[in-house]
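One structure is given here, and the rest of the page talks about it.
All values reported here derive from a predicted model rather than from experimental measurement. Proteins come first, then strands; the chains are lettered A, B, ... in the order of their sequence lines, and each starts at number 1.
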Amino acid sequence: MSTQASRSAARTMLSPAVILLFVWMIVPLVLTLWFSFHRYNLLTPERYGFIWFQNYANFVTSPDFWGAIVNTLILVLGVLFITVVGGILIALLIDRPIWGQGPVRILVISPFFIMPPVAALVWKNMFFNPTNGLFAAAFHAIGLRPYDFLGQAPLASIIVIVAWQWLPFATLILLTALQSLSSEQLEAAEMDGAPPVKRFWYIVLPHLSRAITVVVLIQTIFLLGILVEILVTTNGGPGTQSTTLTFLVYKEALLNFDAGKAAAGGVVAVILANIVAIFLMRAIGKNLDA
Amino acid sequence: MGQITLSKVAKRFGDAEVIPPLDLIIDDGEFVVFVGPSGCGKSTLLRLIAGLEDTSDGRILIDGKDATALGPAQRGLAMVFQSYALYPHMSVRSNIAFPLKMAGLDKAEQDRRVEGAAKVLNLTNYLDRRPGQLSGGQRQRVAIGRAIVREPAAFLFDEPLSNLDAALRVGMRLEISELHERLKTTMIYVTHDQVEAMTMADKIVVLNAGRIEQVGSPLELYRTPRNLFVAGFIGSPKMSFITGAEAQKAGGATVGVRPEHLRVSPSEGPWRGTVGVSEHLGSDTFFHVHDTGLAPVITVRADGEVALSHGDTVHLTPQADKIHRFDQNGLRI
Amino acid sequence: MGQITLSKVAKRFGDAEVIPPLDLIIDDGEFVVFVGPSGCGKSTLLRLIAGLEDTSDGRILIDGKDATALGPAQRGLAMVFQSYALYPHMSVRSNIAFPLKMAGLDKAEQDRRVEGAAKVLNLTNYLDRRPGQLSGGQRQRVAIGRAIVREPAAFLFDEPLSNLDAALRVGMRLEISELHERLKTTMIYVTHDQVEAMTMADKIVVLNAGRIEQVGSPLELYRTPRNLFVAGFIGSPKMSFITGAEAQKAGGATVGVRPEHLRVSPSEGPWRGTVGVSEHLGSDTFFHVHDTGLAPVITVRADGEVALSHGDTVHLTPQADKIHRFDQNGLRI
Amino acid sequence: MARAVSTQRKAFNTVVAWGVALLIAFPIIWTVLTSFKPEPQAVATPPIWLGFDWTTKNYHDVVQQRGYFSFFLNSVIIALGSTALGLLIAIPAAWSMAFVPGRRTRDLLMWMLSTKMMPAVAVLTPLYLIFRTLGLLDSRLGLVVVLMLINLPIIVWMLYTYFKEIPGEILEAARMDGASLWNEILYVLTPMAIPGIASTLILNIILAWNEAFWTIILTVTDAAPLTKFISGFSSPQGLFYAKLSAASTMAIAPILIMGWFSQKQLVRGLTFGAVK
Amino acid sequence: AQDTVTLTIATVNNGDMVRMQGLTDDFTSQHPDIQLEWVTLEENVLRQNVTQDIATNGGQYDVVTIGTYEVPIWGKQGWLAPLDDLPADYDVDDLLPSIRAGLSVDGTLYAAPFYGESSFVMYRKDLAEAAGVTIPDQPTWDDIRKAAEAMNDPDNGVYGICLRGKAGWGENMAFLTTMANSYGARWFDENWKPQFDSPEWKAAITDYLDLMNNYGPPGASSNGFNENLTLFQQGKCGMWIDATVAGSFVTDPNNSTVADKVGFALAPDAGHGRRANWLWAWSLAIPASSDAIPQAKEFIAWATGKGYTELVANSEGWANVPPGTRTSLYENQDYLSAAPFAQMTIDSINAADPNSPTEQPVPYTGVQFVAIPEFQGLGTSVGQEFSAALAGEKSVDEALAAAQDVATQTMTEAGYITQ
Ligand SMILES: Nc1ncnc2c1ncn2[C@@H]1O[C@H](COP(=O)(O)OP(=O)(O)OP(=O)(O)O)[C@@H](O)[C@H]1O
Ligand SMILES: Nc1ncnc2c1ncn2[C@@H]1O[C@H](COP(=O)(O)OP(=O)(O)OP(=O)(O)O)[C@@H](O)[C@H]1O
Ligand SMILES: [Mg+2]
Ligand SMILES: [Mg+2]
């Protein structure tokens with residue numbers, strides 16, 4: 001379908017999206033770069049001035065920086081792990097013939113519709129809260145001392161909340177992928193003498209690899225930006241145990257109102273995000289083309 | 001060994017009886033083709049034998065032992081699927097070796113058998129490719145390879161050629177026949193294409209709506225079809241059926257004549273009509289004759305050199321000894 | 001009217017020259033079939049004519065007027081796609097009426113033409129169905145209906161039957177031929193199936209790797225193939241090729257004999273071999289003869305009644321006047 | 001050709017699946033239950049499952065304190081507006097990428113996606129300044145544009161993968177039939193892609209409805225959606241579980257109900273090319 | 001008649017502010033040309049939104065609710081409209097002097113206090129009695145410790161003491177700074193050198209952790225004002241040291257299960273001349289960028305005037321009037337008798353001195369905060385360290401050392417410390 005006419009039509013039709021996204025990307029980016037070289041604290045505008053890489057140096061050498069990177073990675077990988085593994089298991093489960101497939105599916109995807117602040121508030125207050133939360137009640141019921149989830153295992157708790165929100169997404173994508181697996185392939189493996197576990201390992205899992213990459217790619221993009229959940233539940237603490245890179249930037253931007261340092265942090269975050277992205281896109285590119 | 005006996009085997013999906021109780025014996029080493037129109041239950045029957053579906057009734061014996069309750073892997077059969085069902089993420093080598101790996105054979109033995117099968121099937125140069133990088137015919141061969149290495153008691157094929165193009169189909173058909181000649185293993189082959197059935201089978205089982213219409217060798221079916229269904233199904237182009245007075249005269253409610261048993265002449269013969277489309281194959285020519293008053297269209301095979309054009313009037317003479325007569329119930333007289 | 005002239009038409013995709021410059025004239029009312037192996041550029045050529053691809057070089061004239069720069073809609077051609085390309089969300093009626101709607105015809109005229117086409121194609125009862133509710137053959141007819149209503153200068157068909165099963169394919173092939181008889185409109189038909197080409201075409205264009213190997217009527221190609229490629233491509237089963245001393249004797253570097261031009265006998269004849277697979281079609285039997293020392297396999301057509309089995313020794317006699325001789329370059333002598 | 005499964009197996013699977021499903025949805029169910037409890041019972045230990053004094057007082061209180069309708073209306077307008085605008089821009093773009101692919105198509109797609117990787121907080125101040133200059137602060141239009149841009153890459157990708165599954169031959173047929181580009185998209189592509197477009201639409205509404213950074217930062221009152229509504233409830237003084245639950249329920253109910261009703265459509269197109 | 005003007009008012013989502021929204025008919029009936037639009041947000045979100053807007057001159061708000069921390073900083077920046085020409089019947093001189101001082105820059109008032117607060121001890125009289133301890137009106141930290149130990153009964157869901165643990169300059173650091181003040185510690189010396197390496201800080205934090213680890217509720221590291229309030233209202237705390245406004249909540253029978261069992265005492269001391277109480281006022285101010293300054297002033301005069309106090313008293317009862325802003329309120333017998341905590345509140349407020357929060361000299365103003373722009377971030381970072389110590393992730397020494405580091409880095413970057 002490539003005549004001159006259709007190609008130029010395509011260019012015309014593509015351009016609004018490309019131009020808009022380009023502007024959306026480049027204008028804030030340039031401004032951010034500009035600010036990142038300036039001392040620019042909203043609260044002390046009189047001290048505005050050009051300071052070369054000072055903001056970057058301050059941001060990167062801050063004692064929380066490396067911890068934040070590690071926390072970011074743990075958060076992203078933790079959520080990915082739970083959602084992918086959980087998603088596969090749930091997809092396998094609801095792919096089978098059961099009564100009430102519709103309602104079950106509705107229940108399973110429900111968390112996807114919940115706005116992040118609500119999810120975080122509900123989990124924090126009604127589940128994790130060590131005195132009034134349901135988990136505390138459950139611990140009580142079996143005679144244990146309540147566990148202070150957000151205090152003792154802040155990052156893990158946040159991972160649980162975020163994973164809960166993203167589990168439906170992973171499940172749905174994996175489920176559609178699972179349903180696209182030809183039953184003949186499974187039957188062939190059965191004829192070939194593969195028992196269920198081996199069929200899963202040798203046939204189903206490889207078939208899902210593409211869907212898994214898609215889940216990983218999309219979720220990573222969203223997960224790198226997780227902020228509200230941290231803000232509502234732990235505020236990055238205790239200490240800096242649940243401080244991620246995004247949260248660190250947030251602290252500069254909305255606690256210190258240091259627009260310059262926040263910009264520098266943002267640029268650092270973008271660079272790191274893009275390293276992750278290139279990594280991912282290499283992988284997914286391979287998988288998407290196949 | 002690979003003698004398979006079906007005794008009163010039936011299959012129901014919910015309330016729908018797809019296969020009414022049916023008996024069939026497949027001898028060791030035979031090439032049996034199940035043929036019939038789409039939806040008649042061929043695949044279902046094959047899958048019952050494979051163990052991929054549970055029988056609703058009856059018993060399946062393999063080499064005399066009751067296999068009705070065995071799982072697909074325990075029956076010692078191998079199956080080649082219509083879609084090939086290759087594992088797309090494995091190399092050809094791993095695909096073929098997969099059943100051996102599952103059986104726990106050691107690596108050296110696996111390699112030996114894979115190499116052997118690859119040689120037989122001309123796949124040696126493709127062992128390291130993925131199925132996605134192969135042509136249709138090559139994929140088909142890989143699927144067969146995967147079946148061969150298991151050295152099964154019988155091979156089951158479910159329309160293995162229907163995804164290939166015409167030329168390849170002919171080639172692969174030959175290859176499978178040759179394979180059968182070489183291995184002498186029982187093969188059960190499902191197709192809806194009567195040409196495939198005729199050319200490949202030792203024994204054809206014609207199915208219609210789950211019932212067996214006739215079992216026999218290709219030539220038996222060709223020469224003495226038991227009823228109208230088989231008569232119409234076997235032979236290409238189709239037999240033409242004549243009803244009415246002319247049929248009564250010949251001694252049946254319906255009379256069938258195959259295109260190759262009609263002589264065409266511009267001037268003489270009992271039946272008269274006009275030529276419609278003519279198909280020149282070089283070797284032969286098929287004329288479609290209309291307006292005979294006997295049947296909507298009568299197909300005639302003539303020599304490749306006969307030249308008649310659209311609208312010409314022709315006369316047809318059936319070979320008297322090659323006429324098939326059927327009674328009101330469609331049964332052969 | 002529908003005379004189409006290609007003059008020095010070429011197509012490159014990037015650096016790959018898929019169609020080297022090529023000349024071709026298609027006369028008004030002709031049924032032209034492009035045939036050739038997969039990937040040889042048949043579809044590309046058809047799409048160049050349709051205007052769905054730009055030519056890299058050369059000019060396309062339709063009824064003498066230069067159409068090279070016209071868009072697909074302006075050329076007055078109609079196309080039937082391999083996948084039918086029906087609009088799944090529209091009823092059959094809307095599908096057929098779509099080109100008329102695009103042309104801005106009034107509702108009454110649209111209905112009149114749709115009804116007409118539906119009558120011709122036996123679709124009247126299905127006009128309110130969606131394509132998804134139709135069988136393969138019916139869908140194919142809708143696609144043709146959509147083409148007919150436009151009253152185009154020529155029809156373009158791209159492998160329109162390859163998604164149908166064997167029996168239907170034969171039926172639809174006849175319908176298209178009958179349609180051509182009735183409409184007498186130019187038709188260009190792409191297929192890789194030489195049987196279709198032979199049975200339908202007034203004129204066959206054999207393509208190979210983008211080049212035209214030969215143009216001619218089916219019987220011309222059957223009787224006097226210009227080179228080895230055409231000889232091997234036309235005719236089913238394939239011609240057998242013999243090289244070496246025996247070929248020299250017959251007067252060529254390679255000699256080809258069609259299966260139907262060999263006589264088989266258990267005892268006498270110049271060529272000797274053993275029977276491999278034999279295919280019984282009832283009407284005919286094809287033997288694959290091995291070990292002749294002349295060619296890997298020689299295919300022979302015999303009467304349906306001849307009975308020879310695997311391993312039998314046979315003698316073959318070619319009909320001397322039906323032998324095809326080719327020189328070292330593969331050209332007909 | 002799915003194999004028939006024995007009834008016992010099916011029963012077992014059903015029980016397990018329902019168990020898991022209820023577990024996953026439990027936080028939502030619990031929130032809704034809690035919203036009907038009187039405050040003291042909301043924090044009672046051990047928790048009261050159903051035998052509490054059902055009341056709608058919390059809803060009355062919440063609405064009285066904060067209002068609801070204008071937040072709801074803004075959420076609707078912003079979600080629908082950004083989705084409509086996004087589709088309007090994304091459909092042609094996805095058409096181009098799917099049917100007239102170039103060598104760089106995939107790179108382009110990945111680039112689009114990468115624009116989502118900039119942490120929002122980092123561009124907060126620049127964007128705030130831009131919005132101030134353009135007078136878009138606290139305006140629905142501003143939010144519609146921002147959310148549209150945020151989600152555009154996802155929309156384009158979803159539509160692209162969906163369009164790619166539509167055989168190009170059908171569009172070519174339309175072209176042969178004399179359809180202009182506009183007619184081709186209007187009469188053929190769009191109706192055929194309805195499932196994909198519906199799915200994209202739903203996903204985008206969900207994402208826009210739930211976006212909780214820009215909607216809070218860039219609005220004050222006129223354009224404030226439900227995310228802003230909920231951010232006033234995160235910790236009022238005293239016992240607040242029941243009121244928080246009521247407010248939460250009110251914030252999520254519309255989208256949850258929409259999601260349930262359009263579940264099939266959402267699921268149908270939500271593949272991002274994960275299935276080949 | 002002139003066009004109607006719409007005032008956009010940003011408020012915190014606490015009870016008094018919400019109540020005010022319910023009473024605005026009174027204002028709008030007096031001012032038919034002014035419409036009010038409310039933005040009610042959680043404290044942190046409010047602060048972020050408002051600061052972002054004011055600092056970038058966004059002009060979204062006409063009246064903002066800010067605290068004693070922001071007013072001096074923003075007033076100095078010129079971001080706030082001075083409240084110098086308030087009507088005579090407003091009676092500026094009636095404002096409590098320490099509060100007024102905290103809201104003025106160089107003698108000019110930049111915000112009007114809506115309510116003021118200090119902090120004090122709330123305790124369960126019934127539990128104390130049952131445990132056989134008494135809490136004096138002017139307790140020492142030692143008294144508190146003993147009482148906590150006596151009342152602690154975790155098996156029955158009662159914890160000896162609830163204190164803030166959630167990280168944040170306005171959360172745990174508000175409390176910890178006052179506690180440190182009472183131990184004689186300070187944030188910075190006169191040269192802005194951080195003082196977390198001092199023995200006073202160590203003593204304060206050690207005692208804090210000791211109290212919380214032994215007698216505090218589980219998960220205290222995420223408890224802030226609201227969490228503790230909930231706990232106390234449910235009867236799960238023996239004592240709670242927090243804002244004086246909480247007095248009216250814990251004694252409100254509608255929400256509190258222990259309303260009639262609460263006793264009050266001044267914040268504790270450790271013999272260093274300062275009690276551990278803070279000074280805070282949620283106040284209404286007008287951003288300089290507002291385009292409706294005169295109308296905003298009218299609103300502020302209404303909302304923080306004497307009339308409003310009476311309005312609330314008439315409609316909701318005296319116990320619910322906003323406390324801590326006016327001398328006259330504490331001379332009103334109706335109020336004093338309706339609010340058992342009133343005297344303790346005014347005493348606490350009067351005991352706080354923003355200019356001299358601790359016994360050693362300091363270069364800053366602010367009792368529980370340091371009134372410099374960098375404090376929000378710094379206070380939160382330090383708060384996180386102590387929160388981590390409370391959660392058991394760090395030892396006292398580690399937390400203090402980390403606090404010292406981050407404070408030194410911040411102050412150096414900001415140019416307070418010059419090498
Ligand atoms: N799992 C099933 N549940 C219900 N009905 C089924 C099932 N599988 C097959 N059938 C029905 O059984 C009948 C036979 O199906 P089967 O697939 O065996 O036909 P077939 O002869 O293989 O046809 P084809 O040539 O099209 O492959 C059909 O009517 C089909 O609809
Ligand atoms: N858009 C394209 N870009 C690059 N190469 C192409 C393109 N379309 C076709 N080709 C190449 O051009 C050659 C001819 O393709 P074409 O589709 O015309 O073959 P065909 O004869 O129709 O084959 P088939 O019988 O399989 O349909 C092939 O080698 C193909 O790979
Ligand atoms: Mg079948
Ligand atoms: Mg083609």
Side-chain angles (χ1 to χ4, degrees), chain A residues 1-2 6-7 9-10 13-14 16-17 21 24-25 28 31-32 90 93-94 96-99 104 106-108 110 113-118 121-122 125-126 132 134 137 172-173 176-177 180 183 210-211 214 218 221 225 228 232 246 249-250 253 259 262-263 266 269-270 273-274 277 281 288, chain D residues 1 5 10 13-14 17-18 20-21 24-25 27-28 30-31 43 45-47 89 92-93 95-96 99-100 110 112 114-119 121-127 149 152 156 168 172 181 206 210 212 227 230-231 234 241 244 248 251-252 255-256 259-260 263 267 270-272 274-275:
Chain A
M1 184 174 309
S2 42
S6 68
R7 270 195 302 274
M13 310 232 297
L14 193 55
L21 277 176
W24 169 243
M25 184 194 74
L31 274 172
T32 303
I90 295 173
L93 188 64
I94 60 182
R96 304 179 173 201
I98 54 169
W99 284 290
V104 163
I106 282 178
L107 288 178
V108 168
S110 289
F113 304 123
I114 308 302
M115 52 181 71
V118 170
L121 283 170
V122 164
N125 290 307
M126 317 233 288
N132 296 320
L134 276 187
L172 286 185
I173 299 235
T176 18
S180 77
S183 60
R210 182 182 163 86
V214 167
I218 294 194
I221 287 171
V228 176
V232 171
T246 310
V249 179
Y250 157 84
V270 168
N274 276 289
M281 289 176 189
L288 282 181
Chain D
M1 213 176 282
V5 171
K10 189 166 172 182
N13 289 340
T14 304
W18 273 93
V20 170
I24 288 175
I28 301 168
W30 187 247
T31 305
V43 291
T45 28
I89 293 168
W95 174 89
S96 305
F99 297 114
V100 194
M110 289 298 160
M112 286 187 172
S114 76
T115 62
K116 284 189 71 68
M117 297 219 172
M118 179 72 128
V121 270
V123 293
L124 169 62
T125 301
L127 208 79
L149 286 167
L152 191 58
V156 171
E172 292 185 337
L181 187 61
I206 295 168
N210 290 339
T227 43
I230 205 73
S231 74
S234 51
Y241 280 28
L244 170 65
S248 299
I252 61 177
I255 198 75
L256 201 58
W260 286 346
Q263 185 251 134
V267 173
L270 193 69
T271 70
F272 292 99
V275 210

Examine whether an atom of [X] lies under 4.5 Å from a heavy atom of chain A, and if so say whether it belongs to the side chain, the backbone or both; otherwise answer neither.
X	answer
D:Leu181	side chain
D:Leu256	both
D:Val20	side chain
D:Ile206	side chain
D:Ile89	both

Leading residue by heavy atom contact count with chain A [cutoff under 4.5 Å; candidates [options]]:
options	value
D:Pro27, D:Ala25, D:Ala17	D:Pro27
D:Ala212, D:Ala122, D:Ala251	D:Ala122
D:Pro47, D:Ser248, D:Gly259, D:Pro126	D:Pro126

(request) Report the option among A:Met115, A:Arg96, A:Met25 that has the most heavy-atom pairs separated by less than 4.5 Å from atoms of chain D. (result)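 That would be A:Met115.
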(request) Among the options A:Val270, A:Val249, A:Ile106, pick out the one with the most heavy-atom pairs lying under 4.5 Å from chain D. (result) A:Ile106
(request) Kindly indicate, with the supporting measurements, whether the criterion side chain to side chain contact (heavy atoms under 4.5 Å, CB included) is fulfilled by A:Tyr250 and D:Leu124. (result) CA-CA 9 Å; A:Tyr250 157 84; D:Leu124 169 62; over 6 Å; no
(request) Keeping the roles fixed (side chain from D:Asn210, backbone from A:Phe113), state whether a donor-acceptor pair exists under 3.5 Å. (result)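 A pair under 3.5 Å: yes.
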(message) Donor-acceptor check, side chain of D:Trp18 to backbone of A:Trp99, threshold 3.5 angstrom: yes or no?
(response) yes
(request) Take A:Ile90 and D:Ile24 through the test side chain to side chain contact (heavy atoms under 4.5 Å, CB included) and record every step on the way to the result. (result) CA-CA 10 Å; A:Ile90 295 173; D:Ile24 288 175; 3.4 Å; yes
(request) Quick one: pull up CD1 in A:Ile114 and CD1 in D:Ile28 and give me the separation to the nearest 0.5 Å. (result) 3.5 Å
(request) Measure the spacing between CE of D:Met112 and CH2 of A:Trp24 and express it to the nearest 0.5 Å. (result) 15.0 Å
Report which part of [X] has an atom under 4.5 Å of a heavy atom belonging to chain D: side chain, backbone, both, or neither.
X	value
A:Ile173	both
A:Val104	both
A:Val108	both

Taking all non-hydrogen atoms of both residues into account, name the closest pair between [X] and [Y] and its distance.
X	Y	value
A:Val118	D:Ile230	CG2-CG1, 3.7 Å
D:Lys10	A:Ile98	CE-C, 3.8 Å
D:Trp95	A:Ala10	CZ3-CA, 3.7 Å

